[in-house]
Amino acid sequence: MLHVFGAMDRGGAETRTLELMRRLDRTQVTFDFCVLSGRPGAYAAEIARFGGRILPCALPHQLGRLPGLLQDGAWDVVHSHVHHFSGVVLLAARYAGIRRRVAHLRTSDTGQPQSSGRRAYERAMRRLIDATATTVLAVSEAAMQSFYGDDWRRDARRIVLYNGIDAARFATPVDRAAVRRTLGVAPEQHLLLHVGNFHPAKNHLGLIATAARLAATDVPFVLALVGDGPARASIEALVRTHGLGRHVRLLGARDDVAALLGATDCFVFPSRWEGLPGAILEALAAGVPVVASAIPPVEEIARQTTGVACVDPDD
C-alpha cells in the first residue's frame with residue numbers, strides 16, 4: 001500500500017497509521033509513504049525500521065512527477081489522506097492502473113469563510129474523488145456529512161470507519177506523583193492536559209483565555225500543553241501577557257502521553273473543528289474525564305461512551 005500524506009509528522013492521522021504499521025504481518029502487507037510536502041517528517045526513521053519507504057513528491061513543482069512515481073511502484077492500493085486533494089492523487093493512481101484507490105476523510109467543516117474559488121475547487125475535487133475512488137473512508141459520520149452532506153449514505157463506497165487506538169499503551173500503571181513532580185505540579189494542584197499541534201483548529205487562544213479566567217479564581221491548577229507548531233511563539237507570548245507562567249507548561253512534542261495522562265485530573269479539548277479526535281480517545285482509554293467542545297465529532301464520541309462533557313468552547 002502507498003499512503004499519501006503531507007509529511008509523516010506526529011499528527012493524529014499519521015500516528016494512527018503508524019500504529020497499524022507496527023502490527024502488520026509484513027509478509028502480507030507493506031506500507032510505503034508519499035509525502036507531498038517533500039519533507040519526510042518525524043516518523044521517517046521508524047518507518048524505515050519497519051521496512052517502509054518515504055517517497056518525496058513536493059508540490060506544486062513536482063506534481064507532474066506523481067503519475068510516473070505511481071506507475072513505477074507496483075502498489076496494489078493507493079490510500080490518500082490529503083482530504084480534497086485526494087481527487088488529484090486518485091486520478092493519478094487510476095491513470096497508473098492501480099485498481100484499489102482509497103480517499104480517507106479525517107476532518108469535518110473547518111468553520112472558516114471560503115472564497116468562491118475555494119468552493120469551486122472543493123466541488124471539483126469531490127467530483128474527482130467520486131469518479132476515481134473505489135472506497136471513501138471517513139473517521140466519523142460528522143466528517144462524512146461535512147464532505148458530502150446529509151445524503152452521503154446514498155453511495156455504498158462511502159464507509160465510516162472509526163479510528164481505533166492501542167489501548168494497551170494506557171494499561172501500564174503510572175507513578176502519578178513522580179510524573180507530576182517532573183512537571184512542577186504540587187499535590188494540591190489540579191493537572192489539566194491538552195494534546196494537539198499548534199494549529200488554529202485546536203483553539204489554543206481560547207484555551208489560554210479560559211486559563212486566565214480560571215487563574216483569577218482560587219482554584220489551584222496547572223495546564224500542560226503537549227504539541228508544537230509555528231504558532232508556539234504566539235502562544236508563549238499570550239501566556240506572558242496574561243501572567244500565566246505559574247500555571248501553564250508548554251511541553252512540546254512528547255512520546256510519553258500515556259504517562260502524562262496517568263497523572264492528569266482532567267483532559268481539556270476546545271477545538272473549533274475535528275474529524276474524530278484521537279486525543280480524546282486516548283484520554284478515555286486512560287480513564288481521564290474529558291471536557292471538550294460541543295462540535296459534531298466530539299458529540300458523536302459522547303453518544304457512545306461516558307466521561308465526555310461537551311461544552312461551548314467560548315464559555
Side-chain angles (χ1 to χ4, degrees), residues 10-20 22-23 79 81 83 102-111 135-172 174 191-197 199 201-203 206-207 210 226-227 257-315:
R10 298 184 187 281
E14 295 83 355
T15 299
R16 300 286 88 81
T17 306
L18 258 291
E19 287 175 347
L20 289 175
R22 293 173 189 135
R23 292 172 173 268
H79 190 137
H81 304 258
H83 208 53
V102 182
H104 207 147
L105 309 177
R106 293 185 173 274
T107 189
S108 59
D109 186 6
T110 66
T135 303
V136 179
L137 298 178
V139 295
S140 63
E141 291 187 2
M144 192 72 86
Q145 184 169 6
S146 173
F147 197 82
Y148 281 115
D150 292 337
D151 64 345
W152 64 265
R153 291 179 176 84
R154 294 176 59 183
D155 191 329
R157 293 176 299 166
R158 301 171 187 168
I159 301 168
V160 171
L161 182 66
Y162 290 121
N163 288 333
I165 62 167
D166 185 358
R169 290 174 51 212
F170 307 96
T172 303
V174 172
L191 177 57
L192 316 178
L193 182 68
H194 177 270
V195 178
N197 291 327
H199 182 278
K202 303 300 181 184
N203 191 25
L207 184 54
T210 298
V226 173
V257 170
L260 295 174
L261 284 168
T264 294
D265 298 299
C266 181
F267 189 82
V268 291
F269 204 77
S271 287
R272 298 293 186 186
W273 67 89
E274 290 283 343
L276 189 80
I280 290 180
L281 302 181
E282 292 181 346
L284 294 172
V288 178
V290 174
V291 177
S293 298
I295 56 177
V298 174
E299 293 174 327
E300 199 167 332
I301 295 173
R303 286 195 297 269
Q304 301 191 46
T305 187
T306 59
V308 182
C310 297
V311 299
D312 179 352
D314 294 318
D315 185 347

> side-chain contact (heavy atoms from CB on, under 4.5 Å) between Val139 and Arg16: does it pass, once the steps are laid out?
Replying inline: CA-CA 11 Å; Val139 295; Arg16 300 286 88 81; over 6 Å; no
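- Using a 4.5 Å heavy-atom threshold, the side chains of Phe147 and His83 count as touching.
- The closest donor-acceptor contact from the side chain of Asp265 to the backbone of Leu191 lies under 3.5 Å.
- Here CD1 of Ile295 is found 9.5 Å from CZ of Arg272. Values are rounded to the nearest 0.5 Å.
- Between Val308 and Ala302, the shortest heavy-atom contact is CB-CB, 4.1 Å.
- Here the straight-line distance linking atom CZ of Arg106 with atom CG of Asn163 works out to 5.5 Å at 0.5 Å rounding.
- The neighbour count for Arg154 CZ, taken as heavy atoms of other residues, nucleotides or ligands under 6.0 Å away, does not exceed 12.
- Without hydrogens or angle criteria, Glu141 side chain to Glu300 main chain gives no donor-acceptor distance under 3.5 Å.
- In terms of heavy-atom proximity, Ser293 sits nearest to Pro270 at OG-C, 2.8 Å.
- Here the closest non-hydrogen pair linking Ser140 and Gly275 is OG-O, 2.8 Å.
- Within 6.0 Å of atom CG in Asp150, 12 or fewer heavy atoms from other residues, nucleotides or ligands are found, so the atom counts as exposed in its surroundings.
- Distance alone, capped at 3.5 Å, places no donor-acceptor pair between the Ser146 side chain and the Ala142 backbone.
- Taking 4.5 Å as the limit, every side-chain heavy atom of Asp166 sits out of range of all side-chain heavy atoms of Glu282.
- A heavy-atom distance below 4.5 Å is not found between the side chains of Glu14 and His81.
- The shortest non-hydrogen separation linking Met144 to Ala138 is CE-CB, 3.6 Å.
- Using a 30° and 60° split on the angle between ring planes, His194 and Phe267 fall in the parallel class, below 30°.
- Between Leu276 and Leu281, some side-chain heavy-atom pair lies under the 4.5 Å cut-off.
- With hydrogens and angles ignored, the 3.5 Å screen pairs a side-chain donor or acceptor of Asp312 with a backbone N or O of Asp314.
- The closest side-chain heavy-atom distance from Leu192 to Cys266 is below 4.5 Å.
- When every heavy atom of Val160 is checked against every heavy atom of Trp152, the shortest pair comes out as CG2-CH2, 3.6 Å.
- Listed by chain and residue number, nothing satisfies the ring-ring contact (aromatic ring centres under 6.0 Å, His included) test with Phe170 (two or more places apart in sequence, or in another chain).
- Between Asp155 and Tyr148 there is no side-chain heavy-atom pair separated by less than 4.5 Å.
- One distance of note links CG of Leu137 with CD1 of Ile159; it measures 6.0 Å at 0.5 Å rounding.
- In this structure, Leu284 and Ile280 have side chains that are in contact, with non-hydrogen atoms separated by less than 4.5 Å.
- By the 4.5 Å heavy-atom criterion applied to side chains, Leu105 and Arg158 are not counted as neighbours.
- Contact detail for Asn197 and Gly11: the closest heavy-atom pair is ND2-CA, 4.0 Å.
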